Protein chains: 2
Amino acid sequence: MKKNIQKAYCAVDYAFQRIGGKYKGRILWVLREGCLRYGELNRAVVGITPKMLTQTLKELEADKLIIRKVYLEVPPKVEYSLTDTGMELIPFISQMRSWGEKRMSAS
Amino acid sequence: MKKNIQKAYCAVDYAFQRIGGKYKGRILWVLREGCLRYGELNRAVVGITPKMLTQTLKELEADKLIIRKVYLEVPPKVEYSLTDTGMELIPFISQMRSWGEKRMSAS
DNA sequence: CGGTATCCGCCGAGATACTG
DNA sequence: CAGTATCTCGGCGGATACCG
């Protein structure tokens, strides 16, 4: 029922809405080698505030790119990790980083 | 050094600031097979307004991802095409589209 | 044809403080 | 430790009209 041409272009939009923004790419990237706790993410993603971290994590979780695992302990412990879908994006982000690094040093 | 660590993460930022936004990816994508005129772009990128088209084209040109070529004719003629740097991004955008299409049909 | 010029709403993001 | 709660602001993007 959808117009094929529009759908084709919207796929770019769709993808960028999910990994665009200021922190999504960086969060996915630091999670590439395994799960991290909230506080660890807060330190790994330099400059992010708790508000933006929580907000971004919720969006990534809603898009099924990361998994939020809560341990019912005291003190509280929450771990975040990539889903299979999220891992599919790592090669792409890796290439973007390479491109960005090359461009940054060139200019 | 701290500088290196920050630079590493910022490369993701750097790249996304250049191809993020609502239309940059789509404009680069439609230019992948050759140059297009302003009016052609306006029709190819469905839904974009002249204001956003002009604004986005200027940003892409400033980042040296596209080239703006003006023909001194009447009526006026302006053609936009990818630079080598811009062409380097096409494989990434292609991957993004594939990923986006897969995800869109999955959900 | 290939743009500008306004006006404006929305929301991503920062700063700061507080909580179970 | 792992988050909320407000307040604020810039700017992205939409709508519309006009120009050389």
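The sequence lines fix the lettering, A, B, ..., with proteins before strands; numbering per chain opens at 1. Only a predicted model underlies this, so the values are computations on that prediction, with no experimental measurement involved.
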Gap between atoms [atom1] and [atom2], on [X] and [N] respectively (whole Å):
{"X": "B/L36", "N": "C/dG2", "atom1": "CG", "atom2": "P", "answer": "11 Å"}
{"X": "B/L53", "N": "D/dA15", "atom1": "CG", "atom2": "C1'", "answer": "16 Å"}
{"X": "B/N42", "N": "C/dG2", "atom1": "CG", "atom2": "P", "answer": "10 Å"}
{"X": "B/K24", "N": "D/dG11", "atom1": "NZ", "atom2": "C1'", "answer": "13 Å"}
{"X": "B/E61", "N": "C/dG2", "atom1": "CD", "atom2": "C1'", "answer": "14 Å"}
{"X": "B/Q55", "N": "D/dG14", "atom1": "CD", "atom2": "P", "answer": "10 Å"}
{"X": "B/M52", "N": "D/dA15", "atom1": "CE", "atom2": "P", "answer": "12 Å"}
{"X": "B/K22", "N": "C/dC10", "atom1": "NZ", "atom2": "P", "answer": "14 Å"}

> Heavy-atom count around A/K77 NZ within 6.0 Å, excluding the residue itself: above 12?
Replying inline: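 Check passes, neighbour count above 12.
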Within the 4.5 Å heavy-atom criterion, are [X] and [Y] side-chain neighbours or not?
{"X": "A/K64", "Y": "A/T85", "value": "no"}
{"X": "A/Y80", "Y": "A/L60", "value": "no"}
{"X": "A/F16", "Y": "B/K24", "value": "no"}
{"X": "A/R26", "Y": "A/V46", "value": "yes"}

> For A/T56 and A/M52, which heavy atoms make the closest approach, and how far apart are they?
Replying inline: OG1-O, 2.6 Å
Below 3.5 Å is the cut-off: list the nitrogen or oxygen pairs between protein and nucleotides 1-5 of chain D, distance only.
residue : atom : partner : partner atom : Å
D/dC1   : O3'  : A/R37   : NH2          : 3.1
D/dC1   : O3'  : A/P76   : O            : 3.2
D/dA2   : OP1  : A/R37   : NE           : 2.9
D/dA2   : OP1  : A/R37   : NH2          : 3.0
D/dA2   : OP1  : A/V78   : N            : 3.3
D/dA2   : OP2  : A/G39   : N            : 3.1
D/dG3   : OP1  : A/R68   : NH2          : 2.4
D/dG3   : OP2  : A/Y80   : OH           : 2.6
D/dT4   : OP1  : A/K58   : NZ           : 3.0

